[in-house]
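Right, one structure below, let's go through it.
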Amino acid sequence: MHAVNTIGTTVLGYPRIGPNRELKKALEAYWAGAGTEDDLLATGQRLRAQTWTALRDQGLGSIPSNMVSHYDHMLDTAALFGALPERFTRLGLSPLDTYFAAARGVPDAPALEMTKWFDTNYHYLVPELGPDTQFTLTGTAPVDEVREARTLGITPRPVLVGPVTFLLLAKSTTPGFAPLELLDALLPAYVELLAQLRDEGVEWVQLDEPAFAADRTTAELNALTRAYHVLAKEKRRPRLLVAGYFGGLGRALGVLARSPIEALAVDLVTDPSFVDAVAAEGALRDKEVLAGVVDGRNVWRTDPGVALARAARLVGTAAQVSIATSCSLLHVPYDVQAETGLDPRLKNWLAFARQKVDEVVLLGAALRGEDVDLGPARTAVADRAASLPDPAIRARVAALRPSDAVRAPYAERVAAQQEALALPPLPTTTIGSFPQTAEVRQARAAHRAGKLDDAGYQRAMRTEIDRAVRLQENLGLDVLVHGEPERNDMVQYFAEQLTGFAATAHGWVQSYGSRCVRPPILFGDVARPAPMTVGWTQYAQSRTERPVKGMLTGPVTILAWSFVRDDQPLADTARQVALAIRDEVADLEAAGIRIIQVDEPALRELLPLHARDHEEYFGWAVPAFRLATSGVAAATQIHTHMCYSEFGDVLPAIDALDADVTSIEAARSTMDVLAGLDGFARAVGPGVYDIHSPRVPSQEEMTGLARKALAAVPADRLWLNPDCGLKTRRYAEVEPALRHLAGTARLLRAEIR
Ligand code: GLN
Ligand code: ZN
């Protein structure tokens, strides 16, 4: 056992949606009025108890609490400190319903904005803070959970979002005001909470400060110094563990090392070289350091040799070195043992949350010099390393030349495409998906379950394609789509048809709120054995004279939304995926499809947190897209699509993709993005229809947005389209909205002639 007063082996967080998505079901039942508040709370309590007892029984040294959220941990923090915007608190709802109003919106109070949690695919709700925001400890969840855990004989370690990260991720309600100015107003609420936790017998509390894995200013580092001096100087408090993850801590390492906290958790996986900085940091001598050597974000078994070597480098640097995960396990599924359908060899290479806890415990014992059996882990890692590469794929990648990622000059393409397509000015199109109706979902599920044969499935999908094509023709849209009824998900659909990918049955990971995704596992060399989309697209094209746009997911997005192999640079994997997509592009072109869209909505998501790493990222991400799309003739038009509003950092990269047409989300942010578009040399389609809301915008509204766009983009390079795909909308909304889109185009065309 470890000495008293130390944390010992631990994980920084755990999945919370339930091994069978119990919390998702309870939440959705509550929202639908089919379950009571008590049912929902009981589900959370059951899941917590399950997790805590499992972690204890697995032998973990310290057990985290305050992890089960009813929606999101940033929103929890805002609610905990009484900092929800007034538009929700004045509704007169119960605390729980006020919380859900902030998460999901109600008719008169739009929800808080949602955005990506660092470079993960988890989304958090952005707190809104202004100069008048007051913080008071109003929530009791962290304290209540401690009491709950103690009835099980467990004294947990509550996990909180750290005060500085909380403020840095919040959004200012007032121009010229930075939420960080609220630090001194916020700290007393934390002090009060820490005192209450101490009174409950809590020994350690974990404060997460992942914001310091990104570039930070001196003022922000000074805020970090101040925060932990203020919190630490209180007598009535648990010991403080600060966790920095999703990368190395840069200058924040020294700041935290010199602060009077008792322990620091470091991520030694994302940037393995960070271990050198930690080992060289003299000021850690009186602290416990949690060496995050078990990857909290990916699904591979840990190589015990590598992990122990990293942790051992720190022995002597700190008063105590313990083993931990690199970050919360929120980002991986629960248990690989539930995957009975996986190939046993692949399964043996994998570790989900439950297995990672075992790894942490085992590595912790090994680091303490106990006699443990690392044999099975070593064998599994060696077996994975010995799996054979596919020589044909390797040879093809090796033979690539720079010219493979270069198309004809843009001017030449424009002329050839105009001749081939003869589109009117301000062409109209959509982003790909049409409403996923109940019939579509049922047909896909029945086919998957073997209850609907291939012919029946084909008929059902063709009926749906006919419906979408007919609607687009009737409305007079210029570039049509088949509507993507056959796609469950824009990455999974492709992963299921590519070699080198495996799908899980229960590998759900929370994306936001009750929404979960099941990322495919990219484990081997990737190739495309057969066409994946050609049949559906060709069928749609056979039903209309107008051009039908082929619809593919780009290599960067496929990587971003999968668990990727960690045994070779992402750049190498990206080239393989790009070649697979390139083959599909070629087959679409050969089948007579003249416009092909390759979506890259995750280009921004994978952007590294440190500016110094951006160039290297763009250095492979941009060529991967170009490799996927450069095999076609000048007359074939390549589109791409992105959906995020703040794309300043990626604008040069978007330009470098060299797509003929780029559609981007813009309506939701009322065309803010246009400011960045001067200097953009090719055609763009800033969205004029916010598809995230059931509201149908009027033609006047769309025309207004389109006029704004026309002021920034020359008419001969402007397209008109919605913000994103329509799959979450209903036909009753989509039909009038697209009618207004077509009407806008007609009106503006008459004006610019
Ligand atoms: N083509 C996809 C669709 O329309 C794009 C989705 C996305 O950008 N996330 O659904
Ligand atoms: Zn989109």
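When a ligand or atom number is given, it counts from 1 through the structure's own listing order.
- Using modelled atom types and a 3.5 Å distance limit, the side chains of Q699 and R739 yield no donor-acceptor pair.
- Of all protein N, O or S atoms, those under 2.8 Å from the Zn ion (ligand 2) number 3.
- Looking only at atom types and distance, the side chain of Q597 has a donor-acceptor partner in the side chain of D599 under 3.5 Å away.
- Y731 carries R467 over the face of its six-membered ring, with the cationic atom under 6.0 Å from the centre and within 45° of the normal.
- H331 has its ring centre less than 6.0 Å from the ring centre of F246.
- At a threshold of 4.5 Å between non-hydrogen side-chain atoms, the residues F618 and V650 count as touching.
- The environment of CD in E473 is crowded: more than 12 heavy-atom neighbours from other residues, nucleotides or ligands sit within 6.0 Å.
- Neither side chain, W536 nor E484, offers a donor N or O lying under 3.5 Å from an acceptor on the other.
- Ring geometry, W31 versus Y71: the interplanar angle falls from 30° to 60°, so the pair is classed tilted.
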Measure from every N or O atom of ligand 1 to the protein's N or O atoms and keep only the pairs below 3.5 Å, writing each with atom names and distance to 0.1 Å.
from: ligand 1; atom 1: 1 (N); to: I431; atom 2: O; distance (Å): 3.1
from: ligand 1; atom 1: 1 (N); to: E484; atom 2: OE2; distance (Å): 2.9
from: ligand 1; atom 1: 1 (N); to: D599; atom 2: OD2; distance (Å): 2.7
from: ligand 1; atom 1: 4 (O); to: I431; atom 2: O; distance (Å): 3.4
from: ligand 1; atom 1: 4 (O); to: S433; atom 2: N; distance (Å): 2.9
from: ligand 1; atom 1: 4 (O); to: S433; atom 2: OG; distance (Å): 3.1
from: ligand 1; atom 1: 8 (O); to: H641; atom 2: NE2; distance (Å): 3.1
from: ligand 1; atom 1: 10 (O); to: S433; atom 2: OG; distance (Å): 2.7
from: ligand 1; atom 1: 10 (O); to: K727; atom 2: NZ; distance (Å): 3.4

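- Between W719 and H639, the ring-plane angle classifies as perpendicular under the 30° and 60° cut-offs.
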